[in-house]
Engineer: 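Quick one: this structure, given as structure tokens, is what I'll be asking you about.
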Amino acid sequence: MKEIYLDQPQVMHVRDASPLPLLQDEEVRIKLLYGGICGSDLSVFKGRLPHAQYPLRPGHEVVGEVIDSRASHIKEGSRVVITPNTFCGKCEFCLKGKPNICLEKQSIGITCDGGFAEEIHIHSRYCLPIPDELSNEAAVLIEPLSVIVHGMKQITIKPGMSVLVVGCGTEGLLAAALARYVGAEVTAIDINASKLAMLKSFHDMTLGHPMDIAGKQFDVVIEAAGTKHSVESCFSQLKPGGELLLIGITPEATIPVAQVVRKEQKIVGSIIYEFPADFQTSVMYLLDEQFDPTVFISKIKPFYEYEEAYQMALSGNYAKIVLQFKGAAVS
């Protein structure tokens with residue numbers, strides 16, 4: 001069995017994986033089909049996440065087929081996606097229904113070995129079986145879409161409202177697509193025109209450079225670029241009474257407190273998702289033929305071409321780069 005392994009930042013290779021241990025009760029063994037390269041995978045590769053622990057196997061956006069199961073509710077042969085963030089189920093936040101901020105949370109592919117291997121095993125509590133009619137390509141987007149599903153639960157977006165999406169990486173693209181799907185009047189901006197081009201199949205959406213919206217304001221602003229400048233720019237684009245959803249992550253930014261108070265604006269931070277609820281909602285959206293974000297999958301590469309795949313993802317000129325594991329074995 002092969003796996004992708006990161007010895008230290010920017011030192012990655014394919015190697016023979018250690019034999020998997022015997023399954024314990026409630027665990028499943030999964031043969032990987034696809035694995036999406038996420039922005040956090042790139043940060044781990046570059047060494048920009050202080051809490052990442054090396055060496056490790058990267059990857060967390062995965063879909064696979066169960067080939068062995070010790071869990072009664074997950075059958076062999078079923079396809080599953082996983083939540084890559086563990087939760088204890090006992091801390092005050094888990095008990096409040098917020099496992100996304102569990103005090104004992106571990107993130108696979110960041111603080112422990114991830115999913116970029118031909119086979120993995122994992123506790124069934126972190127698995128969600130997916131319906132037969134959902135394609136593998138759509139399934140690999142369940143985890144990143146769930147980030148947007150969770151964030152949008154915390155703000156108000158109604159048909160006809162104006163929504164600005166700042167930054168069109170994969171999460172920004174998904175945010176723009178989902179906001180338009182629920183009926184908002186969407187404007188999406190990015191400094192990279194190739195990213196904006198990926199939204200052209202979603203009709204009635206305004207696309208442009210940040211300079212194109214000077215002087216315009218919106219009911220909702222979704223920040224998905226994750227830079228100090230982009231966060232700070234959002235406040236000039238937010239209407240009185242508007243809501244700002246922060247999805248991108250930057251260490252710090254200046255907030256115009258007097259403006260936020262006097263204009264009664266709302267700022268919401270959102271991290272990952274609640275599992276399985278947000279994943280199930282994502283599946284519901286992806287099953288609707290009127291909502292098809294698989295256009296954001298720029299390229300599918302055999303996993304042994306990981307170097308080229310990572311370089312494509314790092315270039316910033318693509319949306320989702322996906323690694324194919326099934327049928328892509330390398331000797």
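Residue indices begin at 1 and follow the sequence shown.
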Engineer: Are Glu65 and Arg79 ion-paired here, with the side-chain N under 4.0 Å from a carboxylate O?
Structural biologist: no
Engineer: How far does NZ of Lys75 sit from NE2 of His73, to the nearest 0.5 angstrom?
Structural biologist: 10.0 Å
Engineer: Hey, which of Val28, Leu128, Ile30 is the one that makes side-chain contact (heavy atoms from CB on, under 4.5 Å) with Ile74?
Structural biologist: Val28
Engineer: Check this for me: does any side-chain nitrogen of one of Lys228 and Glu252 sit under 4.0 Å from a carboxylate oxygen of the other?
Structural biologist: no
Engineer: Among residues at least two apart in sequence or on other chains, which ones pass side-chain hydrogen bond (donor to acceptor under 3.5 Å, both in side chains) with Ser43?
Structural biologist: none
Engineer: Does the separation of the ring centres of Phe303 and Phe116 fall below 6.0 angstrom?
Structural biologist: no
Engineer: Do Glu137 and Tyr34 have side-chain N/O donor and acceptor atoms under 3.5 Å apart?
Structural biologist: yes
Engineer: So Phe275 and Phe87, would you call those rings parallel, tilted or perpendicular, with 30° and 60° as cut-offs?
Structural biologist: tilted
Engineer: Are Leu314 and Lys46 packed together at the side-chain level, in the sense that at least one heavy-atom pair is separated by less than 4.5 angstrom?
Structural biologist: yes
Engineer: Restricting to pairs with a member in residues 253-270, which pass salt bridge (Lys or Arg N to Asp or Glu O under 4.0 Å), not counting sequence neighbours?
Structural biologist: Glu243-Lys266
Engineer: Indicate whether the side chain of Tyr310 and that of Asp41 have a donor and an acceptor atom separated by less than 3.5 Å.
Structural biologist: no
Engineer: Test side chain to side chain contact (heavy atoms under 4.5 Å, CB included) on Val11 and Tyr54 and set out the steps.
Structural biologist: CA-CA 11 Å; Val11 180; Tyr54 306 90; over 6 Å; no
Engineer: Can Asn317 and Asn192 be counted as having a side-chain donor-acceptor contact under 3.5 angstrom?
Structural biologist: yes
Engineer: Atom OG1 in Thr170, atom CE in Met198: separation rounded to 0.5 Å?
Structural biologist: 8.0 Å
Engineer: Which residue, Ile155, Val221, Ile157, forms the side-chain contact (heavy atoms from CB on, under 4.5 Å) with Val163?
Structural biologist: Ile157
Engineer: Which of these, Lys326, Lys31, Arg57, sits in a salt bridge (charged side-chain N to carboxylate O under 4.0 Å, His left out) with Glu119?
Structural biologist: Lys31
Engineer: Checking Arg180 against Phe202: charged group under 6.0 Å from the ring centre and within 45 degrees of the axis?
Structural biologist: no
Engineer: Using the salt bridge (Lys or Arg N to Asp or Glu O under 4.0 Å) rule, collect all pairs that involve residues 292-319, keeping only residues at least two apart or in two chains.
Structural biologist: Lys301-Glu305, Lys301-Glu308
Engineer: Could you tell me whether the side chains of Glu76 and Ser69 share a donor-acceptor contact shorter than 3.5 Å?
Structural biologist: no
